[in-house]
Protein chains: 2
Amino acid sequence: MDADKVFKALGDPTRRRLLDLLCEKNGQTLSQLCENLDMARQSATQHIDLLEAANLVSTVKRGREKLHFINPVPLHEVYERWVRKFERQRLSLLHDLKQELEGEDQ
Amino acid sequence: MDADKVFKALGDPTRRRLLDLLCEKNGQTLSQLCENLDMARQSATQHIDLLEAANLVSTVKRGREKLHFINPVPLHEVYERWVRKFERQRLSLLHDLKQELEGEDQ
DNA sequence: TTGACATGCAGGTATTTACCTGCATATTAC
DNA sequence: GTAATATGCAGGTAAATACCTGCATGTCAA
């Protein structure tokens, strides 16, 4: 997993919208996806290229169409690497801050 | 939670490194953090400002020092909104893609 | 009180990003 | 075969980003 590509891919509202659209209906074509975006098809393609580079979306060509599918694996890996780690320490991290704030008041 | 700010904050290796540093030792000063980064202090400050804007880091002033603390809450919210959603559909999404690939072979 | 230290603030620049337009190619339908 | 459709590819621009340097301010300690 390339955390940089995954987070950068997720760091744009258009690309998150694309993932949501595919979550509603997987396997849509480029044209179908574009109907729900307010930009030129070519611009959407560039966003999709980044999602593909981050391995968040896989595509299959069928005739002249290109079908798009979500790949949830990188998101899971992001969770394992970046969320669970902090999640485990969540209470103690908040405890550190609370202690510091109380120290200030005294 | 502002998903855009959180993902954009996470979409940079320096800022992820800062979070890792704070995970190792919470409550560090700006100078301490800078010792582990290969850039000017002012540049690190700009990265920290983004982490603060995303609410991933909170700070407390103590005398002439500024202490930095991780806030794990936004990461948890990202997980709830962006990871669990796809996680729940993980198997069915992969099923869609598998079906499509098999359809191509026939 | 003065020098050292920690941080803040104000620009300046090179690179990346997110759009666009115009045109080319490939597939399908009549 | 030809027109319509779906996508690919090549540039061009404005804004955002990630750095930097230089200087100002505030705090501590001798």
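Each chain gets a letter, A, B and so on, in the order its sequence line appears, and its residues count up from 1. Here the structure is a predicted model, which means the values were calculated and not measured.
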Within this structure, what is the CG-to-P distance between L33(A) and dG8(D), rounded to whole angstrom?
12 Å
What's the verdict on side-chain contact (heavy atoms from CB on, under 4.5 Å) for L67(A) and F69(A), showing C-alpha distance, side-chain angles and the deciding distance?
CA-CA 7 Å; L67(A) 308 184; F69(A) 297 85; 3.7 Å; yes
Just compare dA18(D), dG8(D), dT21(D) and give me whichever is closest to any side-chain atom of A40(B).
dT21(D)
Between dT17(C) (P) and D12(A) (CG): distance, integer Å:
11 Å
Enumerate, atom names and distances included, each donor-acceptor pair closer than 3.5 Å involving a side-chain atom of residues 9-19 of chain B, sequence neighbours excluded.
residue: D12(B); atom: OD1; partner: T14(B); partner atom: N; Å: 2.8
residue: D12(B); atom: OD1; partner: R15(B); partner atom: N; Å: 3.2
residue: R15(B); atom: NE; partner: A9(B); partner atom: O; Å: 2.8
residue: R15(B); atom: NH1; partner: H47(B); partner atom: ND1; Å: 2.9
residue: R15(B); atom: NH2; partner: K8(B); partner atom: O; Å: 3.0
residue: R16(B); atom: NH1; partner: D4(A); partner atom: OD1; Å: 3.2
residue: R16(B); atom: NH1; partner: L10(B); partner atom: O; Å: 2.6
residue: R16(B); atom: NH2; partner: D4(A); partner atom: OD1; Å: 2.9

Could you go through the side-chain contact (heavy atoms from CB on, under 4.5 Å) check for H76(A) and E80(A) one step at a time?
CA-CA 6 Å; H76(A) 183 70; E80(A) 286 294 330; 3.7 Å; yes
Rounding to a whole Å, what distance do you find between Q46(B):CD and dA16(D):P?
15 Å
I want to check one thing: is the phosphate of dA18(C), taken as OP1 and OP2, less than 4.0 Å away from some side-chain N or O of T14(A)?
no
Taking atom types as they are modelled, is there a donor-acceptor pair under 3.5 Å from the base of dT5(D) to the side chain of R64(A)?
yes
Take the protein atom CG of L67(A) and the nucleotide atom P of dT7(D), then report the distance between them rounded to whole Å.
8 Å
Rounded to the nearest Å, what distance is computed from the CG atom of residue D4(B) to the P atom of nucleotide dT17(C)?
15 Å
Quick one: is dC20(C) close enough that its OP1 or OP2 comes under 4.0 Å of any side-chain N or O from S43(A)?
yes
Look at the side chain of Q42(B) against the base of dG22(D) and say whether a donor-acceptor pair falls under 3.5 Å; ignore hydrogens and angles.
yes
So which one's nearest nucleotide on DNA chain D is more toward 5', T29(A) or K8(A)?
T29(A)
Return yes if the base of dG8(D) and the side-chain atoms of R41(A) contain a donor-acceptor N/O pair under 3.5 Å, otherwise no.
yes
Counting only side-chain N and O atoms of H47(A), is one of them less than 4.0 Å from OP1 or OP2 of dT17(C)?
no
Write down the distance between CE (M39(A)) and C1' (dA14(D)), rounded to a whole number of angstrom.
15 Å
Closer than 4.0 Å, any side-chain N/O of R15(A) to the OP1 or OP2 of dA18(C)?
yes
For E52(A), the side-chain contact (heavy atoms from CB on, under 4.5 Å) test, sequence neighbours excluded, returns I48(A), D49(A), V57(A), T59(A), K66(A)
Whole angstrom value for the distance that separates P of dA26(C) from CG of L30(A)
17 Å
Ignoring backbone atoms, establish whether K66(A) has a side-chain N or O less than 4.0 Å from OP1 or OP2 of dG8(D).
yes
Nearest-Å distance for atom pair CG/P, residues D49(A) and dT17(C)
13 Å
Measure the acute angle between the ring planes of F7(B) and F7(A), then classify it against the limits of 30° and 60° as parallel, tilted or perpendicular.
tilted
